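As the structure is a prediction and not an experimental result, all values here were calculated from the model.
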Amino acid sequence: MKEIKMKRLFILFFLLSVGLCSHVSYAQKIVRVGVMLPFKDKDGNVSPRAVDFYRGIVMAVDSLKKDGISFRIYTYNTANTSVNTILGDTIIPHLDVIFGPDDKLALKVISDFTAPYGTKIVNAFVPTSDAVQNNPNFYLVYAPDE
C-alpha cells in the first residue's frame with residue numbers, strides 16, 4: 001500500500017513538472033530529471049530512505065513512459081559529492097526537475113543556482129526552507145519518516 005501511495009505521489013510530481021516546464025515541448029517529450037540524495041555514506045552504508053525514494057521515482061517514470069514520455073535520469077550521491085561538484089556538471093542547467101537534496105544548506109545553494117533556468121525542485125526531506133520564498137519553481141513537500 002505504501003508503494004502505491006509513493007508511486008501516485010511521484011506521478012503527480014512528474015505531471016506537475018512536465019505540465020509547468022515551458023521549455024519541454026510535448027513533441028519532444030523528454031524530461032530530464034536530477035535526483036540528488038545521499039545513497040551511500042563515506043563508510044559505504046546504504047540509505048534506505050534515499051533508495052526507497054529513488055524506487056518511487058523509477059516506478060513513476062515507468063508508468064509515465066506508457067504515455068509516450070521519455071526520461072533521462074541523472075543521479076548524484078550527495079553524501080560523497082560536494083554541492084559545487086554537482087553544480088559543475090554541465091547538465092544541471094538543462095534539468096527540468098530535481099528531486100532532493102536532503103540537506104538544507106545544499107538545497108539553498110542548488111535552488112539559487114537553478115532559479116534562473118526555471119528548473120523545478122521538489123524536496124520531500126527538509127521540513128522548511130527559505131528557498132521556497134525566493135524561488136517560484138521550488139516545491140517543498142515534507143514526508144516524515146512515519
Side-chain angles (χ1 to χ4, degrees), residues 1-83 85-104 106-111 113-129 131-132 135-146:
M1 189 65 159
K2 183 179 175 185
E3 280 189 9
I4 292 171
K5 287 181 182 179
M6 187 182 298
K7 181 177 176 181
R8 288 183 181 159
L9 180 66
F10 282 116
I11 289 172
L12 175 65
F13 286 144
F14 275 115
L15 290 175
L16 178 67
S17 66
V18 171
L20 295 177
C21 290
S22 59
H23 55 281
V24 175
S25 70
Y26 285 99
Q28 180 185 10
K29 292 188 181 178
I30 295 175
V31 180
R32 293 169 302 259
V33 179
V35 181
M36 300 178 183
L37 296 172
F39 293 103
K40 282 189 175 183
D41 63 18
K42 293 176 184 172
D43 298 327
N45 299 320
V46 175
S47 167
R49 189 170 185 198
V51 171
D52 285 345
F53 197 82
Y54 186 76
R55 284 182 183 150
I57 291 172
V58 172
M59 289 187 323
V61 164
D62 185 54
S63 292
L64 291 171
K65 280 183 176 182
K66 294 173 186 168
D67 293 335
I69 302 170
S70 295
F71 292 87
R72 290 196 182 122
I73 300 176
Y74 302 88
T75 307
Y76 303 91
N77 182 9
T78 58
N80 294 332
T81 310
S82 74
V83 176
T85 301
I86 292 171
L87 295 178
D89 190 344
T90 57
I91 194 64
I92 298 295
H94 304 287
L95 293 175
D96 299 306
V97 61
I98 294 172
F99 290 93
D102 72 329
D103 177 77
K104 202 172 194 176
L107 182 61
K108 173 80 170 116
V109 172
I110 290 169
S111 177
F113 180 84
T114 60
Y117 304 107
T119 305
K120 309 295 182 245
I121 299 176
V122 179
N123 192 287
F125 295 97
V126 178
T128 61
S129 175
V132 77
N135 186 347
N137 295 311
F138 183 85
Y139 303 93
L140 187 62
V141 185
Y142 180 63
D145 288 333
E146 302 84 45

*Give the intermediate values and the outcome of side chain to side chain contact (heavy atoms under 4.5 Å, CB included) for residues V46 and V51.*
CA-CA 8 Å; V46 175; V51 171; 3.5 Å; yes

*Please step through side chain to side chain contact (heavy atoms under 4.5 Å, CB included) for the pair V35 and V33, ending with a clear verdict.*
CA-CA 7 Å; V35 181; V33 179; 4.2 Å; yes

_Worked check of salt bridge (Lys or Arg N to Asp or Glu O under 4.0 Å) between R55 and D52_ = CA-CA 5 Å; R55 284 182 183 150; D52 285 345; 3.5 Å; yes

*For the pair I121 and L107, evaluate side chain to side chain contact (heavy atoms under 4.5 Å, CB included) and give the outcome as yes or no after the intermediate values.*
CA-CA 9 Å; I121 299 176; L107 182 61; 4.0 Å; yes

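Between F99 and M36 there is no side-chain heavy-atom pair separated by less than 4.5 Å. Annotation: side chain of V122 is in contact with side chain of V97 (closest heavy-atom distance under 4.5 Å). The shortest side-chain heavy-atom distance between N123 and P101 falls under the 4.5 Å cut-off. Annotation: side chain of Y54 is in contact with side chain of I73 (closest heavy-atom distance under 4.5 Å). N77 places a side-chain heavy atom less than 4.5 Å from the side chain of K40.
Between the CZ atom in R49 and the CG atom in D102 there is a gap of 8.0 Å [rounded to 0.5 Å]. Here the straight-line distance linking atom OG1 of T81 with atom CZ of F39 works out to 11.0 Å at 0.5 Å rounding. Note that CZ of F71 is 10.0 Å distant from CG of D62, once rounded to the nearest 0.5 Å. Distance OG1/T119 to CG/L95: 6.0 Å, rounded to 0.5 Å. The OH atom of Y117 sits 11.0 Å away from atom CD1 of I98, with the distance rounded to the nearest 0.5 Å. For the atom pair CG (D96) and CD1 (I30), the distance works out to 9.5 Å, reported to the nearest 0.5 Å.
Among residues two or more places apart in sequence or in another chain, the side-chain hydrogen bond (donor to acceptor under 3.5 Å, both in side chains) test is passed with T85 by S82. For D89, the side-chain hydrogen bond (donor to acceptor under 3.5 Å, both in side chains) partners two or more places apart in sequence, or in a different chain, are Y76. Evaluation of the side-chain contact (heavy atoms from CB on, under 4.5 Å) rule for V109 yields V83, L87 as partners, not counting sequence neighbours.
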